[in-house]
Every structure is written in C-alpha cells, then in structure tokens.
Amino acid sequence: MPAETKKSSRMMTKEKAKWIYKKMQEIRQFENAVHDIFAKGEIPGFVHLYAGEEAVAVGVCAHLTDQDSITSTHRGHGHCIAKGCDIDGMMAEIFGRATGLCKGKGGSMHIADVSKGMLGANGIVGAGFPLAIGAGMTAKVKKTDHVAVSFFGDGASNHGTFHEAINMAAIWKLPVIFVCENNGFGEASTFEYASACEHVSDFAKAYRIVGENVDGRDLVAVFEAAGRAVERARRGEGPTILECVTYRNYGHFEGDTQTYKTKEVQEQALKEDDAILRFQNYALENQLLTKEELNKVNDDVKAEIDHAIAFSKDSPFPDASQLTKDVYVSY
Amino acid sequence: MPAETKKSSRMMTKEKAKWIYKKMQEIRQFENAVHDIFAKGEIPGFVHLYAGEEAVAVGVCAHLTDQDSITSTHRGHGHCIAKGCDIDGMMAEIFGRATGLCKGKGGSMHIADVSKGMLGANGIVGAGFPLAIGAGMTAKVKKTDHVAVSFFGDGASNHGTFHEAINMAAIWKLPVIFVCENNGFGEASTFEYASACEHVSDFAKAYRIVGENVDGRDLVAVFEAAGRAVERARRGEGPTILECVTYRNYGHFEGDTQTYKTKEVQEQALKEDDAILRFQNYALENQLLTKEELNKVNDDVKAEIDHAIAFSKDSPFPDASQLTKDVYVSY
Amino acid sequence: MTKKMSYSDAINDAIRLAMHKDENVVLIGEDVAGGAEVDHLQDKGAWGGVFGVTKGMVEEFGRNRVFDTPIAEAGYMGAAVSAAATGLRPISELMFNDFIGSCLDEVMNQAAKFRYMFGGKARVPLTIRTIDGAGFNAAAQHSQSLYALFTHIPGLKVAVPSTPYDMKGLLLSAIFDDDPVIVFEDKTLYGKKGEVDEGFYTIPLGKAEIKRIGKDLTIIGIGKQVHTALKAADRLAEKGFEAEVIDPRTLSPLDEETMIHSVKKTGRLIIVDEAYPRCSAATDIAAIVGEKAFDYLDTPIKRVTAPHSPVPFSPSLEKLYLPSPEKIIEAFSEMVGEKVFTAV
Amino acid sequence: MTKKMSYSDAINDAIRLAMHKDENVVLIGEDVAGGAEVDHLQDKGAWGGVFGVTKGMVEEFGRNRVFDTPIAEAGYMGAAVSAAATGLRPISELMFNDFIGSCLDEVMNQAAKFRYMFGGKARVPLTIRTIDGAGFNAAAQHSQSLYALFTHIPGLKVAVPSTPYDMKGLLLSAIFDDDPVIVFEDKTLYGKKGEVDEGFYTIPLGKAEIKRIGKDLTIIGIGKQVHTALKAADRLAEKGFEAEVIDPRTLSPLDEETMIHSVKKTGRLIIVDEAYPRCSAATDIAAIVGEKAFDYLDTPIKRVTAPHSPVPFSPSLEKLYLPSPEKIIEAFSEMVGEKVFTAV
Ligand SMILES: Cc1ncc(C[n+]2csc(CCOP(=O)(O)OP(=O)(O)O)c2C)c(N)n1
Ligand SMILES: Cc1ncc(C[n+]2csc(CCOP(=O)(O)OP(=O)(O)O)c2C)c(N)n1
Ligand SMILES: [Mg+2]
Ligand SMILES: [Mg+2]
C-alpha cells in the first residue's frame, strides 16, 4: 500500500481492508506453519508465536509508512509482517539460512529490517521502550513527522524501562505510541498476579498523556484508536499508551503446554473471539470484501507461505566467512 | 525513645516532640558544620547535605524502631541521624577515619548501620527502592510486623526501579513506604522539567495503593501521614507513596553554586518556610516545648556536634591492614 | 550412597535440601514456580523455571518461600540483596545470564560492595543462579557466557560447575556461604547425567579438581568446556599424549595452586573457554599461570575460545563459534610443532 | 597550530567541533546542560555536566541538540542507541561509569549486537562518554574503572585517553566512527593540561603510542596510569634503566603489534592498571603478549593493579589502593633480582 494512503487517512477503505486482511492472514498462516515445522524439529532455538494477536500489529501498522519505526519483542513475527518485512527472508531467517533477513545470524528473536523501519525483534523484555524513544528523538531533531511505535507485552510493562521511556516521551512530547499487547500472561504468570494496575493504560493519567484500552481482537477498534494516536503524534501532541487486550493462541514458546490456562478458555478463544474471524465478518457485513476476495487472499497467502518454506529449505546455511563478519562496520 | 513508644502511638506527646526537635536540630547543625568544614577543605570526596529537609526524615522515622529498615540516598546524613545512627561515628566516617561507622571505608555516600535498620546511604540513584522491597520480603517471610521505608528524591522517581519496586510491593502487599523528598530538583534539573507527572504520589492510583502528598516542611503533616502509612503497613495493608514537598538549603553537592535557583526563592526558603522554625512555633503554640527547652536542645546538640568534630579530628585514619579486609566474610 | 541424576536434578536436589535445612532459604525469580494465583495451581507450580529446574518447590515449601516475580530484574534482584542483608538466605534466579544488563547495579554496586562499604558490618548471603552457554541456537541475547564480568568484580564469588556432582556440592556451598555467590548453569548440560552423593554435601568454593591426570599437557576447561577438554584428551591419548584436565570449578576465588602445580609438571597449558576472548577467564588464567609458572612453560599458553563476536543464531555458525576437541588438538599441534592429528 | 589546554577543555573542543561539522551530532545525558526550562537558563546551561565539561553547548547549539535527560540511564541510553540506528550520531554521557549497572543491557545487548544480529544491515554510530578513576575520594560507587567489562563485549570499541591531545583525537574518531565506542574520561585528569592541535583531527582507534622510548623494560599504562608509568620511568632512568612506556589508547581494538614489538626489544613487561585485577585489561594484555612474545621474555610479566577489593573512601586507603611509581619500581626490582631503589 502506498505510503501516502496509509498516512493520510484513517478511513477503512476497501483497499485498506484488503491490505489488513492479507496481513492478518499472512501472520496467522506464517505462525501456524512455523508451529508445525518446529514440532517436526526442523527449526532451531526458541520460537514465540504471534498467532491470535494479529489485530494489534496490523491495526497499528496500517497507519505507518516505511519511515516510521517500530520496536518489537521476542514475539516479533507479527510485527515484522505487518511492517512489511519480506516473508521469504523472515522464514529463511527462522530456519537459520544465509538468505534470511539477517543472513541467519539473528533468528526468530532478532528479525529486523531497518530499511522498513522495523528495528528488530528483541530477546530482552523491556528493551524496546527506550529504542522507540530514540526513533522519536530522531524525528524531533530532524523535524520530520515520523512516528515510532513500541509494541510490548503486559509482562514487559512491569519492567522499569517502560516508565523511563514513557516519562521521556511525555516530557519531550515525542511521537511515540506505546502499544501494549495484553494477552493476560507473561510466560506462566497472569497479568492479574504480576501487575498491580487494573489496566496498563491507567498509567497515562499520572503521566498526563492519553491512554486508551481497547478490545485487541477487534481489528477496527485497534485501527481506530491507533489512528487517533498516530495522528496526535504526527501533529506533535506527544505519546499515547494504547492497551489492546488480546490472546495468544499458542504457548509462551513452542513446547509450552500451557497448564496455566484452562481448556475452556483456550477453546473459546479459538472460536468466536478470534480476531481474524471477527474481521472477516466485519468486512463482509460492511461490504468491504466479498467471500471470494477473502478466499482468494487465503489462497494467495497459502502460496506465499509455501513458497517461503520451500525457499528456506532450499537455501544454504551461512558459511564460515560469516562468523566474524558484521561485528563492526569498520573492521 | 523506647521502641514501644514509637510504635504504639501516633500521638504528638511532649516526649515525642522533644525527640523530634532534637533530631531536627542534630541534622541541621550536623549539616551546617559539614558545610563549613568542607569549605575549608578538610573533608574529602562528594558531600550532599540534607539541611532544609529535616521534617521528612524525622517525621517518618519517629514511627520506626531499630527493627524497621530504611533505605537512603546520596543525601543520607539526615536519614542516618533520624534512624538513630551514632553521630560521632557518622562524622568520623565523613572524615574518613578508622573510628567511622564504616571504618572510613564508605564515606558520606555510604554511611550505614544495619544494626539500627539503616541499610545505607547509596551512591546510586534508584538503588534504594528494591532494597526496601527486600526488607519488606524478610518481614513477610518471617511474619514480623516490621516495616521498610524507602527515602528517595523527585529525580529518583524517574528511575525504572521506582516502578518495579512499587509494583512488587503492591502485588505482595509488602509493608513498604515510599517516601519521596520532592525538593524540586534532581541536580540542576527541575522536577517540572524532568517528570511528566504533576505529583509523584499520583502513581499510587494506577497501582491501586494509597498515595498522599504533604507539605514536607510541615513536620506535623509528615508525622501524621507517615503514621497512617506505617500503621497500614504493620497491619498488612500494603505500601504507600508519601510525597513530601520540601527544599534543600544547600546546593546539590557542596560546591554547587545553584545558578538554577533565583535569589528570591533561596531567601524565602531559609526564612518563614523553614521546617525547624515552623516546628518550633508549633511546639510552642501547643505547649509541647518551652522556649527554654528549645534553647537547651539547641545547646546540647551544639555540644554533641562539637564533640563529633573533635572526636573525628582526633581519630586515626584506617591503616593498611584495612585495605583488603571486609571484601568477603569468609576470606 | 550415590545416585545417577541429571545436572538439572542435582540443582533441584540441592535447593530442596537447602530449603529443608534452613527456613530462611527462599527462592525468587520469574516463574520459578509459575502460575501464581491461578486457581488450579495455587499449591503447585506451572513451570518450575523456564527449564523446569525448580519444579516441586512450591508443592513442598509453599508460595511464602517461592516467589514468582514480575519481569523486573532490578527490582527483584535488589530485593534479594537486602532480603539477604536483613535475615533471609535467598536464591535469586536470573533466568539467563544475558539479562544481567537489567540488574547489574544490584549485583555489582550493592551485593558485592555492601560489606566493604559498611566496614564489615553487613553480610549478604545471596545466591544467584543463572543460565549461560551457547550451543542451543538461542542466538546473541540468550547464549552468552558472562562469568568474566562477575569475576572482575571484587566481593562476588563465581562458580561454574561442569558436572551434576559438582553442581550439587557447589550450589549448596553457595547457598550457605555468607557472601554473594553467582552460580552458572550451562543450559546444554541440564540433561547430562552423573553420579551424585545423596544427602547433604558441599564442595568448597575455591578448590579446583583434576578431572584427568596427565603429564604432557595441562588443559583447563571452564564450565561445560571441561567436557570438550576431556574429549580432546581422549583423542590425544590415542596418539600417546597424556593431557591433564583441570576444572577450576570456581573462578572467584580461583585455585591458582592446582593449576600452577599441574603446569609445572606438564610445561604446557591450553585454556578452553567458550566465552568472549578479551578480558576473559581465559586471559585471566593465562596471565596468572603465565606469571607464576613462567620458568616451567615450554611453549606459550594457548587459549581456545569463542571469536570476538556475538553468538550467531544459525546452527552452522554456532558450531564454528564454539571450542571443539579439534581446535584443542590443533592448538596442541602448534605447541609441539607437528601435526599430531590431521585437522578434522 | 597547537594550544595548551586541559583534558576537560579538549573534550569540550572535540564536541563543539563535531557538532559544527555534523548537525546529526547531539548530546544526551543528565544535566549535560542543566537548568532545562528554568526561565533564566533557557538559552544557556546551568552546569554543562557535573564537571562542567560540556559547558557552552546549549548556548551554541540550542536545546534541540543538547538533551538534559531524567535520571533514567536505561531509558536515555537505549534512546541513544536507536537514535544512532535511525540517523543521528549521538554522544551519550553516562555520568560515572559506575552507573553502567542501570543500563548495561542497552550497551551490551543492543548497541553492541544490533549490527551482527541484523546481518550487517544496521549501524550504530553512538559515542558513550563516561567518567572513571579513583583518587578523588569518591568511594566504591563513584571510583571504579570498568573498561574491562566493555572490552569483553564484542561489538563495542573502548578508548582510554590519557592526555588532552589523545582525548581530542580519539573522541573525534569515536564520534565519527560508525560503530559504538565508549570513551573513558579519568576524573582526576580533567585539570591536566597539554598541547593540543587546534582544529579538527582524529587519532585512529586501535593505534597505541609509545610515550617514552627505552630498551630495558616495557611499561604499558592504562588511562591515567600512563602517567604513573612515566614517573616510574623517570626514576628508573636515574638509576640507569631505560623504560619504554606504551599507551594502548584503545583497549578494543587493541594494538597488539606495538606492544609486542616493544617487549621483543626489552624482554620485560610491566602492565599498570588501576582497575580490579581479575579478568582485567592487565590480565588480557599479559595473556596476549605472553603468548605472542613468549620467546623474548626474560622474566614473567608483572601486573601492578588495584587489589581485588572495592575502592575505599578514606584517603589513607585510597592512596594505598592505587598503583604508584614505587609499586612499579618494586615490580621491576623483583624482575631484575635486586633492589633498584629502596622502597619509598
Ligand atoms: C529482561 C528479560 N527478562 C526476562 C526474559 C524472559 N522472558 C521472555 S518473554 C517473557 C514474558 C513476556 O511477557 P509479555 O511481556 O506479556 O509478552 P508475551 O510473551 O505475553 O507476548 C519473559 C519473562 C527476557 N527475555 N528478558
Ligand atoms: C544511577 C545514578 N544516576 C545518576 C546519578 C547522579 N546523581 C546523583 S544525585 C542525582 C540527583 C538526584 O535527584 P533527587 O532524586 O531529586 O535527589 P536530591 O539530590 O534532590 O535529594 C543524580 C542525577 C547517580 N548517583 N546514580
Ligand atoms: Mg503477555
Ligand atoms: Mg530532588
């Protein structure tokens, strides 16, 4: 989607709806595929899947251009896709291949594409907040209207960097949006246990900035709230905390049996509450997309993901010369 | 003052008023003396003086026993005195002598007396918050009714550890009181500039704990609010943020010319707003102390401080054997 | 009585024994139990740590001694420091040693310095358990071996156990030591099994162990690299060279004597360390032994370490990144001036 | 054209030149200006840093390029990292290197690893200025010299300038380098004066300097200990021994060649480092030179360092804590097997 379309309008046009639906499908199918392949033992390392939370990344990134920055988390695949990272390159990265977005050196937890404004998945909880501030400072110093979004989990909001960053964004009126993906858990600990606050967005009041709490599986709610936040940021009105209540379909990492969730909760989430299902219904009801269009997207995406997998498997592993390359620019 | 008196009552008795006035005088005269001696070049290192903020340390510590813990800051002399540290030992420590509370190894920024529940002045801004939590955990695990107080500055409230600690105290209902000494400045930066919040105590609401903001130069206001907070903590009702708005009489450190304050503000503070003056008036008006009693305290304290200085100057510096002692308990 | 158990079970065993022995021992960390306040998990944990190492502690000791913390390393580590200073004997888990960036102050400026700064009038009986090591394809932020950073800092003790037996004994020493000790658990060793004494025993902090006796070469391995050293020694033996393999077991304090004694005998030293090569345990030991056994060294001390580079994700690169028996043999070949093995 | 200026003025000069040269250079740190939003200080700073080193920058470049930050090291350091990755060239001040405990993650896991983890597709042109050094009676939490921690970490560069001339040239190199560089400013050197070239010049990162030529002994001094080494060399000269004094100037990259070359000539090496002794720059250099100049060494390499202890507050102890010419001479006496001087 052209940059100007994204930037100039908060309207849910047909074109935007199609882009949104495609991105959501890409994320879902990408993650489902990774889940299956990981189970077969073909993917190395730790993998944290984003399936279930698509509406957040997509609803927010629908307002961003390549010049806008995002910071991400250990659960970063969804943010990458929504921000426009190449899917072949992402999959190959997760497979540890030389053709990966990071030449296989980063892996799932470190996929990045700075040229797309995607400043990296991050293995360190809480690391993304200050990084978003830096992108906001660049915008401020250079007097552009670029914004920065920090995606983070409910668990991460207990890390001190959350507050350090919000405060800096607030005092300097930086164009930063703090998007909380509150999936109710940080690993095996519930939000209710680990966080004293009722809502993560409640902190906005103390910092005298705007805070919103929305249903994070309602694409439209996220899209609209994010649109308002991005507009305020571009106008120089400072940061926003946007909390999106959502659900992760899989375990914390691949291999987690989720004994801390009940069966009922798990089943319910995968049915009527599902973000993609709900957006399909919305798009159909509002005549933004037809059943055929939806099906075509599904099929196109399937082909895309299949391609990414084949591409990855066919790709070579990085060779020895790469081991000590890229440690420094200069030598 | 006997432990039970402190613990059992929030009443401002004559006995308590006398203890309070004496501690306030001790702090003021101690700091004024250090200021003068530092100017003569007789004290090594960095020194941060507490003069002007006496009502906070004293108003809070009036409710604490030796079994209760406090954590302090770089500006720690006042907390030490209020918590009952030996004044000769403190002064000798600041002079770097072997007779110092820490054998001269710690200095102004690290005076401590764990036996009095004084867990150390601290050269690291923000370090005290988590330390207070630890003392609170000990109380919780051992099921005592001891409390822990974390004294901190307005500047420190922008450090991430503030939030990490409050959240932990809140979810575990720990007996911890966060006492902000808001003197309007962190070094040469104003609170208004560096902090997005209006009041530091505003965060209490988001954490669903009690927050109060009081005039920190009004001893009685501090004393009463702290009494409530300590009682709640002892009853197992969790943490409090108590913000005390105050003023530091001297620069950030000795040598700071305070160009960031106007003359008017400085003069005003030292006159009618002064905490000691105000408590004198209060004590006289309420017939808690007579003029003669006040004068006697002043004189007694002067003798005490003179003694501490003489004691320090007469004390030897630590000898070479101390250099590598106390690195470990075991060897 | 001994029993075969895994490195991970040895840790679990040590913690359980310690918590039985002293009610002041408490566990603190992220999901060390898991599932706090989840209805059906009140009296049991969901995870027992991210690798299940502390499984069963909640069941046995309850949630008043097993604290699941928020994701706030500075917060809970600082809390552990002063809990230790005020009467508990906490075991604080830093899930991965790579996360020390969030709480170095609490370890370096508080735990390590309290006693000295306070003139000997405080003690901080804190144990930090943390996971290190590459070889798990966990990439640059979850694969580091950062024990050198801690060894640098006076006031801390540093243990790097390589076997289940050593782990249990060193961890128990750490827990009952009155100084702060950090114990490194190599994630790739968790499943490794070995004979472990049942019941309570300790291994002194500061005592190396000779894991293999030899006369031609000394190999010092750090943590899991002891095993790489032993493999190399086996292969050297096939060619008639007997390598002595030493496991320092703790880096701080460091048992210089055992190492120097060995080198005086063999005249040759290779140090195997998977950590970064600069200002490392490997250079540290090389400097110390190089000074004190100077007259006995036939050849320069060699170090087989990671390159000066972050840990790569891809399995193909991570394999090249780590020390290997081949690299050790290669170093030895250089020392003796002949190709003992054709490089594999 | 040269000019006599202090170490502190050399820093100020370098920053001013850099900010003139490139409008992407910004200053970030606590009170690097001071007095932000105070009415009468809008266009000028209150402090210019805690030692006045960055005085005048606000006046010249305005508050949109000089950021006074809240006391939030992780926050502003992380911001500086990504400001660098997104187009600025920030100079971020960590007031005292001892505060790294609050922001190690941003330096170690973010700044240092971005480029590698992202497959070479990012650059982080960040300069961190920080203050180290004992001798100021600033006690255990404000007197450390922690450059070893940073030298350990691949992806960072580490400079330890010892003179005003070196400071200016190295700092300018750091600022315009496309990798993260940390520059250590010894607080006791701020007032020290020396000749400095006017105008813009750089000193390459990774190039040592021979500060004194000699043939009997090589002394490598780290940071301000170069001066201790020079003093010792003067006194040795009185007794007829000519010491060569080398200042590595950067610890990462390290100019091994210059050091090894010198030792090959002199056959003796003393390393003087006021930092903690374990896993330090001193042991690092000893290990490297010990390996590569093995055949040329007449005696074991000696290290003159701090003891394995926090920095004491009391002046009487701090004096004993630091390296001194006497200690260097003592070490040399041991090397040559005679008391060259009676210990002072
Ligand atoms: C500093 C740090 N501490 C702990 C971890 C381990 N860890 C990885 S993900 C995670 C939970 C994060 O929870 P949340 O922020 O809610 O994100 P979610 O996984 O739910 O998306 C934890 C504790 C880490 N990677 N970094
Ligand atoms: C982690 C850390 N950052 C910065 C400093 C330097 N510093 C010492 S005191 C201070 C200001 C503290 O302000 P505040 O908390 O308001 O306390 P006050 O000095 O006003 O009592 C700063 C920035 C420090 N000691 N530690
Ligand atoms: Mg979550
Ligand atoms: Mg203040």
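A note on names: the letters A, B, ... follow the listed sequences, proteins ahead of strands, and every chain is numbered from 1.
In this structure, the ring of B:Phe253 has its center less than 6.0 angstrom from the ring center of D:Trp47.
Between the side chain of D:His40 and the backbone N or O of B:Tyr260, no donor-acceptor pair lies under 3.5 Å.
Atom NZ of B:Lys325 is separated from atom OG of D:Ser309 by 12.0 Å, given to the nearest 0.5 angstrom. Taken from OH in B:Tyr193 to CG in D:Leu41, the straight-line distance is 13.0 Å, to the nearest 0.5 Å. Atom OG of B:Ser321 and atom CG of D:Leu317 lie 8.5 Å apart (nearest 0.5 Å). Note that CZ of B:Arg97 is 9.0 Å distant from OG of D:Ser316, once rounded to the nearest 0.5 Å. Rounding to the nearest 0.5 Å places CG of B:Asn122 at 5.0 Å from CD of D:Gln141. Here D:Tyr76 contributes atom OH and B:Asn158 contributes atom CG; the two are 13.0 Å apart, rounded to the nearest 0.5 Å.
For a residue to count as touching a neighbouring chain, one of its non-hydrogen atoms must lie under 4.5 Å from one of that chain's; by this rule D:Ala36 touches chain B with backbone and side chain alike. For B:Ala127, no part lies under 4.5 angstrom from a heavy atom of chain D. Only the side chain of B:His110 comes within less than 4.5 Å of a heavy atom of chain D; its backbone N, CA, C and O stay farther away. Residue contact with chain D, scored on non-hydrogen atoms closer than 4.5 Å, is absent for B:Ile43. Both the backbone and the side chain of D:His308 come within contact range of chain B, judged by heavy atoms closer than 4.5 Å.
Between D:Ile71 and B:Ala156, the shortest heavy-atom distance links the atoms CD1-N, 4.2 Å.
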Let's go through B:His159 and D:Ser102 carefully: what are the C-alpha distance in whole Å and the side-chain angles of both, what is the deciding distance for side chain to side chain contact (heavy atoms under 4.5 Å, CB included) to 0.1 Å, and is it a yes or a no? CA-CA 9 Å; B:His159 203 273; D:Ser102 296; 3.2 Å; yes

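Interface remark: of the candidates B:Gly107, B:Ala194, B:Gly126, B:Gly160, B:Gly107 forms the most heavy-atom pairs closer than 4.5 Å to chain D. Between chain D and the residues B:Gly100, B:Cys102, B:Gly104, B:Ser195, the largest count of heavy-atom pairs under 4.5 Å involves B:Gly104. Chain B forms more heavy-atom pairs under 4.5 Å with one residue of D:Asp31, D:Val311, D:Asn137, D:Asp98 than with any other, namely D:Asp31. Across B:Asp319, B:Thr262, B:Thr190, B:Ile124, the residue that shares the most heavy-atom pairs under 4.5 angstrom with chain D is B:Ile124. Comparing D:Gly35, D:Ser314, D:Pro315 by heavy-atom pairs within less than 4.5 Å of chain B, the highest count is held by D:Ser314.
Contact of the D:His142 side chain with the B:Met109 side chain is registered, since non-hydrogen atoms from C-beta on lie closer than 4.5 Å. Side-chain contact check for D:Phe313 versus B:Pro44: some heavy-atom pair is nearer than 4.5 Å.
Counting heavy atoms of neighbouring residues, nucleotides and ligands inside a 6.0 Å radius, atom CG of D:Asp39 does not exceed 12 of them.
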